[in-house]
Q: 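Please read through the structure below; I'll follow up with questions.
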Amino acid sequence: PPLSVFLDAVSENATVKRAQSQVEQQKNEYRIEKRSWWNYFRLNGNYAFGRFNTLSESSETLVDWYQSTSTGTRHTFNLGASVSIGLGDLFNRPLKLKNYRYNIEQLQYTQDEVMEERKLKVLEAYNAVTEQLATIKAKAETAALYNAQMKICEYNFINGTMDITDLSMERSRRSGAVTAYEQARVALHNSIILLEMLTNVKIIKDKL
């Protein structure tokens with residue numbers, strides 16, 4: 001895939017997502033603080049309903065004291081509002097909001113730094129893969145050439161047209177070419193795995 005695919009996938013990295021989450025969390029706290037002035041106001045109210053009994057005593061001239069009872073139903077309610085403003089909160093509120101804005105700005109800078117750092121790592125891994133892809137083909141062709149050359153040398157040695165010293169030298173060259181190819185193959189595989197881990201973009205299905 002082209003480099004742009006891997007760079008676009010950086011935003012899906014867990015480290016980058018964590019930085020984005022911290023920015024969003026701070027923004028939510030800033031919104032809550034902006035609405036905190038509602039805490040200065042209080043509403044209160046209550047409602048009651050019930051029956052009541054009234055017991056009274058009275059007397060009239062030439063009549064003994066007597067008691068009377070009256071019964072009724074009553075509804076009562078009240079509604080009110082109050083304002084309570086702490087002077088410290090009132091005068092410190094602009095500074096608190098400014099601090100939240102500064103924190104959000106700093107977290108956004110941190111998020112950008114994380115993104116840039118991750119993109120640089122992706123770029124390094126991508127360059128390593130492309131460089132190794134360019135060289136592994138030549139090393140594979142060299143190893144195949146030495147394998148073919150080795151068969152010819154062994155045939156010549158059997159027929160007596162090559163001595164053991166020359167055969168040993170050819171075998172050493174073949175061994176060096178095969179080793180260089182295997183090392184390049186492993187390095188390419190490791191670089192691809194690293195690029196996949198950095199971006200979560202699947203590149204290969206099977207091992208090289």
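Every heavy atom of this structure was used, including side-chain atoms; hydrogens, water molecules and symmetry mates were not. Since the model is a prediction, treat every value here as computed from it, not as a measurement. By convention here, the first residue in the shown sequence is residue 1.
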Q: Tell me if a side-chain donor or acceptor on R93 pairs with a main-chain N or O of E33 at a distance below 3.5 Å.
A: yes
Q: Between atom NE2 of H189 and atom CD1 of I203, what is the distance when rounded to the nearest 0.5 Å?
A: 10.5 Å
Q: Identify which one of N127, T199, L194 satisfies the side-chain contact (heavy atoms from CB on, under 4.5 Å) criterion when paired with V122.
A: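 Looking at N127, T199, L194, the match for V122 under the side-chain contact (heavy atoms from CB on, under 4.5 Å) is T199.
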Q: I'd like to know if the side chain of T130 reaches the main chain of Y126, judged simply by a donor and an acceptor atom lying under 3.5 Å from each other, with no hydrogens or angles considered.
A: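 Yes, T130 side chain to Y126 backbone: donor-acceptor pair under 3.5 Å.
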Q: State, to 0.1 Å, how close K121 and L198 come at their nearest heavy-atom pair, and which atoms those are.
A: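 Closest approach of K121 to L198, heavy atoms only: O-CD1, 3.7 Å.
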Q: Between Y109 and E113, does the side-chain hydrogen bond (donor to acceptor under 3.5 Å, both in side chains) criterion hold? Intermediate values first, please.
A: CA-CA 6 Å; Y109 287 147; E113 290 175 358; over 6 Å; no
Q: Can a side-chain donor-acceptor contact be found between Y102 and Q106 if the only test is distance below 3.5 angstrom?
A: no
Q: Taking atom CD of Q20 and atom CD of E24, what is their separation to the nearest 0.5 Å?
A: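 Answer for the CD-CD pair, Q20 versus E24, is 8.0 Å.
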Q: In sequence, state the C-alpha distance, the side-chain angles, and the governing distance for R185 and E182, and then conclude on salt bridge (charged side-chain N to carboxylate O under 4.0 Å, His left out).
A: CA-CA 5 Å; R185 185 181 67 84; E182 290 297 327; 3.2 Å; yes
Q: Please give me the minimum heavy-atom distance between Q22 and L107, naming the atom from each residue.
A: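 So the minimum-distance heavy-atom pair works out to O-CD1, 3.5 Å.
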Q: Please confirm whether the backbone N or O of N156 pairs with a side-chain atom of T161, one donor and one acceptor, at under 3.5 Å?
A: yes
Q: Would you check, one step at a time, whether the test side-chain contact (heavy atoms from CB on, under 4.5 Å) holds for Q108 with K27?
A: CA-CA 11 Å; Q108 287 174 337; K27 286 183 177 179; 3.7 Å; yes
Q: Using a strict threshold of under 4.0 Å (side-chain N to carboxylate O), is an ion pair present between K151 and E154?
A: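 Salt bridge: no.
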Q: Would you indicate whether R101, at its atom CZ, is surrounded by more than 12 heavy atoms from other residues, nucleotides or ligands within a distance under 6.0 Å?
A: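 Counting other residues, nucleotides and ligands, CZ of R101 exceeds 12 neighbours.
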Q: Taking S191 for its side chain and A187 for its backbone only, find out whether a donor-acceptor pair lies under 3.5 Å.
A: yes
Q: Got a salt bridge between R173 and E170, using NZ or NE/NH1/NH2 to carboxylate O under 4.0 Å?
A: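 Yes, this pair counts.
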Q: Keeping T142 on the side-chain end and A138 on the backbone end, is there a donor-acceptor pair under 3.5 Å?
A: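 Yes; judged by distance alone, with no hydrogens or angles, the pair exists.
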Q: What is the minimum heavy-atom distance between R118 and V10, and which atoms define it?
A: CG-CG1, 3.3 Å
